[in-house]
Protein chains: 2
Amino acid sequence: MALTSEKLTNNQQTVLDLLEKSKEPLKAYAILFDIQKKGIKAPLQVYRALDKLIEIGKVHKIESKNSYIACEHKNCDSSTSTSFLICETCDQVTELKKKNLSEYFAKQSVQANFKYSKHNLEIYGVCKDCKNKK
Amino acid sequence: MALTSEKLTNNQQTVLDLLEKSKEPLKAYAILFDIQKKGIKAPLQVYRALDKLIEIGKVHKIESKNSYIACEHKNCDSSTSTSFLICETCDQVTELKKKNLSEYFAKQSVQANFKYSKHNLEIYGVCKDCKNKK
DNA sequence: TTAAAAAGTGTTATAATATAACATATCATA
DNA sequence: TATGATATGTTATATTATAACACTTTTTAA
């Protein structure tokens, strides 16, 4: 079965729905707090749902913030690489398409005699909206 | 006073010495365990030393591994950006020089109308040594 | 179709990572 | 030498994440 049409369980769908509604990345315990009304009571239920969603590429983890965000790309079927623009002012996160970047990193890696497999990139700065507000 | 000649305190020097001896990145509690014989007894003492060492650019954090590594570059005076090659086989980490990468990311950011400030890049793959061992 | 395998659930407990708060000490420097 | 900044030692606690186990549901394939 294609990953993109994979059927989610209730817990997985509940967590994904919340992340897709959110403008910012959410922390696991913030997710837990928000969905307790839907019968999810324990951290493990959240972490297990997140693990699966990450595995199928619907959710990404932002490592430097211990936060999770729904993938913005339609039909994303991969959890391998992630690239983000993170606004230091408003915490909004934008996901970069990764094809060019992956190719660039693969090239850079070759120079170090290193076989590229995947990457996480977190770029910090000021987003469009916050630049304009100044 | 130039950052590169900044005098370290005993705790800071003890933590830095350990990280510089290590082939791999170390976790905070692993550092604590290793230096308890030197009078450091509590996690906070380690975290405070790490905070300072990171601030002056002598140590970097590898976010996806919650681990810390001594900077390989002489006279590194900045904690802003980091770029690593991380071997999935042996856990060795190589730090990439960041100038080219920073310029590249700054350019990529402009396209998204985003003002680049700094980045963390973690590239996973197989290092030279592990490729050869196969 | 049904038995076996795989995946998911609910729950309690606990591990691993990191910071708060506060009293005291050290050090640079004016 | 006092004063302000930085660091220290300590206890307690917050935050993030996983282990273990019994049970249920779904998928697969004989």
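Just so it is clear, the structure is predicted and the values come from calculations on it, not from any experiment. Note on naming: letters A, B, ... go to the chains in the order of the sequence lines (proteins, then strands), and numbering restarts at 1 for each one. Quick note: numbers below take in every heavy atom, side chains included, and nothing from hydrogens, waters or symmetry partners.
- Along DNA chain C, the nucleotide closest to B:K65 and the one closest to A:N11 are compared, and the more 5′ of them pairs with A:N11.
- What separates CG of B:L32 from C1' of D:dG9 is a distance of 13 Å, to the nearest Å.
- A salt bridge links B:K61 with B:E63: the closest approach of a Lys/Arg side-chain nitrogen to an acidic carboxylate oxygen falls below 4.0 angstrom.
- To the nearest 0.5 Å, the span separating OG1 on A:T82 from NZ on A:K118 amounts to 9.0 Å.
- Nearest to the side chain of A:L44, among D:dA20, D:dT8, D:dT11, sits D:dA20.
- Per the geometry, CZ belonging to A:F33 stands 16 Å off C1' belonging to D:dT15, to the nearest Å.
- For B:K52, counting side-chain heavy atoms from C-beta on, the closest listed nucleotide (C:dA18, D:dA7, D:dA17) is D:dA7.
- Closest to the side chain of B:A28, from the set C:dT11, D:dT16, C:dA18, is C:dA18.
- The environment of A:D129 atom CG is dense: over 12 non-hydrogen atoms of other residues, nucleotides or ligands sit within 6.0 angstrom.
- The separation between B:Q45 atom CD and C:dA18 atom C1' is 15 Å, rounded to whole Å.
- Toward the 5′ end of DNA chain D lies the nearest nucleotide of B:N10, the other residue of the pair B:P43 and B:N10 mapping further downstream.
- Distance from the side chain of B:A42 is smallest to D:dT10 among D:dA17, D:dT10, C:dA18.
- The side chain of B:Y47 lies closest to C:dT17, out of C:dT9, D:dA7, C:dT17.
- Which of D:dA17, C:dT11, D:dG9 sits closest to the side chain of A:Y68 comes down to D:dA17.
- Judged by atom type and distance alone, A:Y29 reaches the base of D:dA17 through a side-chain donor-acceptor pair under 3.5 Å.
- In this structure, of D:dT10, C:dT9, C:dT11, it is D:dT10 that holds the atom nearest to the side chain of B:R48.
- Using bins of under 30°, 30° to 60° and over 60° for the plane-to-plane angle, the ring pair B:Y29/B:Y47 lands in the perpendicular bin.
- A:Y68 pairs with exactly one of A:I54, A:L53, A:L26 by the side-chain contact (heavy atoms from CB on, under 4.5 Å) rule, that one being A:I54.
- Closest contact between the side chain of A:N66 and the listed nucleotides C:dG8, D:dA17, C:dT17 involves D:dA17.
- Phosphate contact (OP1/OP2 of C:dG8, side-chain N/O of A:K7, threshold under 4.0 Å): absent.
- Rounded to a whole Å, the NZ atom of A:K38 is 15 Å from the P atom of C:dT9.
- Separating the CD1 atom of A:I40 from the C1' atom of C:dT9 is a distance of 10 Å, rounded to the nearest angstrom.
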